[in-house]
Amino acid sequence: MHDIKTSVQARLFALQDLKYKDFQCKLIPTVAPERVIGVRTPELRKLAKELFKEPETARFLKQLPHQYYDENNLHGFVIEQIKDYNTAVAAIDAFLPYVDNWATCDLISPKVFRKHRPELLKEIQRWMASDRTYTIRFGIEMLMTHFLDENFAPEHLALVAGIHTEEYYVNMMIAWYFATALAKQWDAVIPYIRQNRLDKWVHNKAIQKAVESYRITDAQKAELRTLRVK
């Protein structure tokens, strides 16, 4: 029986792109460069699809923590292939404690979640109540992905605004969530900005991101600029 860990690592190193590795290392300062192989995302997605069909991949998913950043990303892309909702949630729960950077966190988006939004909302609230940086970030990201369009409810905003932390990567996601929410649900969201209901740094970062967005009108941008907190 060959070792699935060694096999997966060999396949990743066969796809290594050293220029891409250098580029990646600048984007993920929380990950040591020796833990980055440098595999481009399309190659990782392709490999994940191949691995998903192989029975031994279940063992790979259990071999946590992984040694390399690219293994973590591959793990995330394999989870995306899972067709059963409960299995996907269990796989996410097993993996999230080992996610150690924003990039891995943000790439995980199981397709099956789209068909199970009522149940997903409970999981999102559970993730957002975690004490782990990237579990919280993942929860907010799933709320942003699945609940800012036809499934939006104003109380979702309060869930995110209620998170107060010194964690940069959580605060960035809160700001990103509110900037995106301003673009999609302006009338519900703008009172949070007008009434300074977010922490100061998050408030200003959300405004900055919204003002940079092509989805926000010039009139809206003009108002947002007047609402920055000094």
Undergrad: Will you find, in the side chains of Lys122 and Gln125, an N or O donor that is under 3.5 Å from an N or O acceptor?
TA: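 Their side chains do not contain a donor-acceptor pair, so the 3.5 Å distance test is not met.
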Undergrad: Enter the distance from Lys5:NZ to His66:NE2 here, rounded to the nearest 0.5 Å.
TA: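 So the gap between those two atoms works out to 9.5 Å.
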Undergrad: Kindly say whether Val39 contributes a backbone atom to a donor-acceptor pair with the side chain of Asp70 at under 3.5 angstrom?
TA: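 Checked: pair present.
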Undergrad: Checking the side chain of His146 only, and the main-chain atoms of Leu121 only, is there a donor and an acceptor separated by less than 3.5 Å?
TA: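 Here the side-chain-to-backbone pair does not exist.
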Undergrad: Which atom pair, heavy atoms only, marks the closest approach of Ile216 to Ala179?
TA: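 Smallest interatomic distance, heavy atoms only, reads CD1-O, 4.4 Å.
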Undergrad: Could you tell me whether the side chain of Asn72 and the main chain of Val99 form a donor-acceptor pair under 3.5 Å?
TA: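 Judged by distance alone, no pair lies under 3.5 Å.
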Undergrad: Supply the atom-to-atom distance Arg114 CZ to Tyr85 OH, rounded to the nearest 0.5 angstrom.
TA: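 Between Arg114 CZ and Tyr85 OH, I get 14.5 Å after rounding to 0.5 Å.
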Undergrad: Would Glu71 and Phe60 count as a side chain to side chain contact (heavy atoms under 4.5 Å, CB included) if you check the C-alpha gap in whole Å, the side-chain angles of each, and the deciding distance to 0.1 Å?
TA: CA-CA 9 Å; Glu71 284 178 284; Phe60 168 70; 4.1 Å; yes
Undergrad: For the CG atom of Leu51 and the NZ atom of Lys46, what is their distance to the nearest 0.5 Å?
TA: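 If I round to the nearest 0.5 Å, the distance is 12.5 Å.
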Undergrad: Answer with yes or no whether the hydrophobic clustering places Leu107 together with Leu64; edges join I, L, V, M, F, W, Y residues whose side-chain heavy atoms lie under 4.5 Å apart.
TA: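 Yes; Leu64 is reachable from Leu107 via cluster members.
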Undergrad: Given Arg126 and Glu123, is the salt bridge (charged side-chain N to carboxylate O under 4.0 Å, His left out) satisfied, shown in steps?
TA: CA-CA 5 Å; Arg126 180 170 63 79; Glu123 307 298 346; 2.6 Å; yes
Undergrad: Short question: side chain of Lys221, backbone of Ser213 - any donor-acceptor pair under 3.5 Å?
TA: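 Between the backbone of Ser213 and the side chain of Lys221 there is a qualifying donor-acceptor contact (under 3.5 Å).
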Undergrad: Applying ring-ring contact (aromatic ring centres under 6.0 Å, His included), run through Trp201 and Tyr168 and close with a yes or a no.
TA: CA-CA 10 Å; Trp201 188 91; Tyr168 172 81; 5.7 Å; yes
Undergrad: Would one find more than 12 heavy atoms of other residues, nucleotides or ligands at under 6.0 Å from atom CD of Glu34?
TA: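 Counting neighbours around CD of Glu34, more than 12 heavy atoms of other residues, nucleotides or ligands fall under 6.0 Å, so yes.
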Undergrad: Which atom names give the shortest non-hydrogen contact between Gly139 and Trp127, and what distance separates them?
TA: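 In this case the closest contact between Gly139 and Trp127 is CA-CB, 3.9 Å.
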Undergrad: Assess whether atom NZ of Lys111 is packed by more than 12 heavy atoms of other residues, nucleotides or ligands within 6.0 Å.
TA: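 Yes, because the 6.0 Å sphere around NZ of Lys111 holds more than 12 heavy atoms from other groups.
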Undergrad: Do any N or O atoms from the side chain of Thr104 and from the backbone of Asn101 form a donor-acceptor pair under 3.5 angstrom?
TA: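 Pair absent, no side-chain N/O of Thr104 close to backbone of Asn101.
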Undergrad: Within the distance-only criterion (no hydrogens, no angle test), does the side chain of Lys83 pair as donor or acceptor with the backbone N or O of Gln81 below 3.5 angstrom?
TA: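 At least one qualifying donor-acceptor pair exists.
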Undergrad: Would Arg45 and Glu80 pass as an ion pair if we require N to O under 4.0 Å?
TA: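 Counted as a salt bridge, because a side-chain N and a carboxylate O are separated by less than 4.0 Å.
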Undergrad: Restricting to non-hydrogen atoms, name the atom on Asp149 and the atom on Lys184 that form the minimum distance, rounded to 0.1 Å.
TA: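 Closest pair (atom of Asp149, atom of Lys184, distance): OD2-NZ, 3.2 Å.
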Undergrad: Salt bridge check: are Arg194 and Glu223 linked by an N-O gap of less than 4.0 Å?
TA: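 Here Arg194 pairs with Glu223 in a salt bridge, since their nearest N and O are under 4.0 Å apart.
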Undergrad: Is it possible for you to say whether Tyr98 and Leu74 belong to one hydrophobic cluster, with membership spreading through side-chain heavy-atom contacts below 4.5 Å?
TA: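 Result: yes, single cluster for both.
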Undergrad: Is a side-chain donor or acceptor of Asn204 paired with a backbone partner of Val229 at a separation under 3.5 angstrom?
TA: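 Present.
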Undergrad: Is the cationic atom of Arg197 (NZ for Lys, CZ for Arg) positioned less than 6.0 Å from the six-membered ring centroid of Tyr192 and within 45 degrees of its normal?
TA: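 The answer is yes, since Arg197 meets both limits relative to Tyr192.
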Undergrad: Which distance, rounded to the nearest 0.5 Å, do you find between the CD1 of Ile37 and the CG of Leu12?
TA: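 Reported to 0.5 Å precision, the distance equals 4.5 Å.
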Undergrad: Picking from Tyr69, Phe52, Phe95, what satisfies ring pair (Phe, Tyr, Trp, His ring centres under 6.0 Å) with His75?
TA: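 Among Tyr69, Phe52, Phe95, the one meeting ring pair (Phe, Tyr, Trp, His ring centres under 6.0 Å) with His75 is Phe95.
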Undergrad: Checking the side chain of Lys21 only, and the main-chain atoms of Pro33 only, is there a donor and an acceptor separated by less than 3.5 Å?
TA: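 Yes; at least one donor-acceptor contact below 3.5 Å.
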Undergrad: Taking it one step at a time, do Leu96 and Tyr134 satisfy side chain to side chain contact (heavy atoms under 4.5 Å, CB included)?
TA: CA-CA 7 Å; Leu96 281 176; Tyr134 297 105; 5.7 Å; no
Undergrad: Test your reading of the model: is there a side-chain donor-acceptor pair from Gln185 to the backbone of Leu148, 3.5 Å cut-off?
TA: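 A pair under 3.5 Å: yes.
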Undergrad: What is the ring orientation for Tyr68 with Phe13, classed by angle as parallel under 30°, tilted 30 to 60°, or perpendicular over 60°?
TA: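 Ring orientation of Tyr68 relative to Phe13: perpendicular.
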Undergrad: Relative to the ring of His156, is the ring of Phe147 parallel (under 30°), tilted (30 to 60°) or perpendicular (over 60°)?
TA: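 Perpendicular.
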Undergrad: Using atom types as modelled and distance alone, determine if a side-chain donor or acceptor of Ser7 lies under 3.5 Å from a backbone N or O of Asp3.
TA: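 Checked: no pair found.
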